[in-house]
There are 2 protein chains.
Amino acid sequence: MSKMQKKQDIIDHAFELFYDQGFNTGVDAIMADTGISKRTLYKYFPSKEVLIAELVEHYRVNVIPLLRAEVERVSPDPKGRLIALFDVRQAKFTEGCFRGCFAVSAKLEYACRNAQIEAASEAMMADMNGLMRAFCEMTGHPDPDTLTAQAMVLFNGAVVAAQASRSAKPFDTAKGILRVLLSFPLP
Amino acid sequence: MSKMQKKQDIIDHAFELFYDQGFNTGVDAIMADTGISKRTLYKYFPSKEVLIAELVEHYRVNVIPLLRAEVERVSPDPKGRLIALFDVRQAKFTEGCFRGCFAVSAKLEYACRNAQIEAASEAMMADMNGLMRAFCEMTGHPDPDTLTAQAMVLFNGAVVAAQASRSAKPFDTAKGILRVLLSFPLP
DNA sequence: CGAAAAGTAAACCGATCTGTTTACATAACG
DNA sequence: CGTTATGTAAACAGATCGGTTTACTTTTCG
């Protein structure tokens, strides 16, 4: 196994652990899960917080293009991609594969405590905003800026409401609102 | 100082600490902040997690009526109370006095780990839903159930987006959407 | 082959955590 | 006054944490 593969292996296991058990999971769990010693872990990552920052960066670099590709596959019509974005996330949530935005969780956990993690989270959120804006523009809506801000509120609201209520219904609600906004675009 | 006053004193200090420093704050900080010894703390609360569960319960019992009263004060007209609820939360956020829903934070932190805290959080969220529904009914909207679900998504979305972006703008966005929904009530 | 690199397992460090206990001071109250 | 409850301060227990180091084994590769 090459160096890059091993580093990727650590990233994959650590991400899974932090994603569904929270950032207070100990490094011992990562070692055991990945099957490496502590010395190796600290050879690849100088500290746990640097590892987390790299996880957020990895999330940004991988999830955004993956999400875009999946939305384009589900909705060949560009006009429908805004709704399709919600559909894709809702489907992942229903399958139990989606547990909220990793970057948002990291940002809330390390707010005012770790600048590197905060910066990585902000970069991810900026990318997400860009993706949302691209889909909003495709709808032909006359005010894509406003629509983007609205869609971000709806997206975040659906995610957190779904997490808290353990139900995918908030996604249906959010999509219903989006359709209203697309039909009556002038607040 | 009576027993109840002292217990309340602990609750107040612990709540403040957990609210803006997270649930991983140590009990030592609570002792120092309240000005009591560890023995006294553990006389009133058998464990840290029980204390947190009682904090969530205390949040529910106090915040909901307070919120309702404040909204009624701001909006004498029942029809405007749904928007006023967002205004009140936005104002608290702008003043720096609002840092998200304590119950949602607790639920996300102790999901699948502490049933008592989870139950208290769910009770709080149910009360919040009831408050939201009452305000939705006052608007005269023909489908208060749907409106309530929509308002909850918007509220949660505004809160988390505001927290993540350190800006109150998402509240304006959410209120704009609400006004649209109230004007064009049929999706 | 044989040296260098990279790995594991485990001890270890110092700090921190929840929670208990001991020793002592203080206040209430008959 | 003396007893009892209630408090503090601090030591202590046992665990876990992030992180380092040591001793030894495996792999890689000229």
Atom pairs and distances, side-chain donor-acceptor, residues 152-172 of chain B, under 3.5 Å, sequence neighbours left out:
from, atom 1, to, atom 2, distance (Å)
B/Asn156, ND2, B/Met152, O, 3.1
B/Gln163, NE2, B/Arg99, O, 3.2
B/Ser165, OG, B/Ala161, O, 2.7
B/Arg166, NH2, A/Glu118, OE2, 2.8
B/Ser167, OG, B/Lys169, N, 3.0
B/Asp172, OD1, B/Gln90, NE2, 3.2

Worksheet item: Is the distance between the ring centroids of A/Phe23 and A/Phe102 under 6.0 Å?
Response: yes
Separation of [X] atom [atom1] from [N] atom [atom2], in whole Å?
| X | N | atom1 | atom2 | result |
| --- | --- | --- | --- | --- |
| B/Lys7 | D/dT6 | NZ | P | 15 Å |
| B/Gln5 | D/dG7 | CD | C1' | 16 Å |
| A/Asp9 | C/dT8 | CG | P | 11 Å |
| B/Leu41 | D/dG7 | CG | P | 12 Å |
| B/Met31 | C/dG19 | CE | C1' | 11 Å |

Worksheet item: With no hydrogens and no angle check, do the side chains of B/Gln8 and B/Asp12 hold a donor and an acceptor under 3.5 Å apart?
Response: yes
Could you tell me whether the side chain of [X] and the main chain of [Y] form a donor-acceptor pair under 3.5 Å?
| X | Y | result |
| --- | --- | --- |
| A/Thr25 | A/Gly22 | yes |
| A/Arg60 | A/Val56 | no |
| B/Arg81 | B/Ser75 | yes |

Discussion item. I want to check a possible cation-pi pair here: B/Lys48 against B/Tyr42, using under 6.0 Å from ring centre and within 45° of the ring axis as the test.
Written reply: no
Item to complete: Compute both the distance and the angle, then confirm whether A/Lys79 meets the cation-pi test with A/Phe135: under 6.0 Å from the six-membered ring centre, within 45 degrees of the axis.
Response: no
Discussion item. Suppose we screen for side chain to side chain contact (heavy atoms under 4.5 Å, CB included). Which residues come up paired with A/Val50, at least two apart in sequence or across chains?
Written reply: A/Pro46, A/Ser47, A/Glu54, A/Gln116
What N/O pairs connect the protein and nucleotides 15-21 of chain D at under 3.5 Å? Give each pair on its own line.
from, atom 1, to, atom 2, distance (Å)
D/dG18, OP1, A/Lys48, NZ, 2.5
D/dG18, OP2, A/Val27, N, 2.8
D/dG19, OP2, A/Tyr42, OH, 2.9
D/dG19, OP2, A/Lys48, N, 2.7
D/dG19, N7, A/Lys38, NZ, 2.8
D/dG19, O6, A/Lys38, NZ, 2.6

Worksheet item: In Å and rounded to the nearest 0.5 Å, what is the CD1 to CD1 distance from A/Ile36 to A/Ile10?
Response: 3.5 Å
Worksheet item: To the nearest 0.5 Å, what is the distance between CG (A/Leu182) and CD1 (A/Ile83)?
Response: 6.0 Å
Scan nucleotides 3-6 of chain C against the protein and return all N/O pairs shorter than 3.5 Å with their distances rounded to 0.1 Å.
from, atom 1, to, atom 2, distance (Å)
C/dA6, OP1, A/Lys3, NZ, 2.5

Worksheet item: Looking at residues 13-20 of chain A, who's got a heavy atom less than 4.0 Å off DNA chain C?
Response: none
Worksheet item: Would you say C/dT8 has OP1 or OP2 under 4.0 Å from some side-chain N or O of A/Thr40?
Response: yes
Discussion item. What I'd like to find out is whether the side chain of A/Met124 reaches to under 4.5 Å of the side chain of A/Glu57, using heavy atoms alone.
Written reply: no
Worksheet item: Does any non-hydrogen side-chain atom of B/Lys38 lie less than 4.5 Å from one of B/Asp28?
Response: yes
Practice prompt. Have a look at the helix from C/dC1-D/dG30 to C/dG30-D/dC1 and give the angle its two end axes make, five pairs each, rounded to 10 degrees.
Written response: 0°
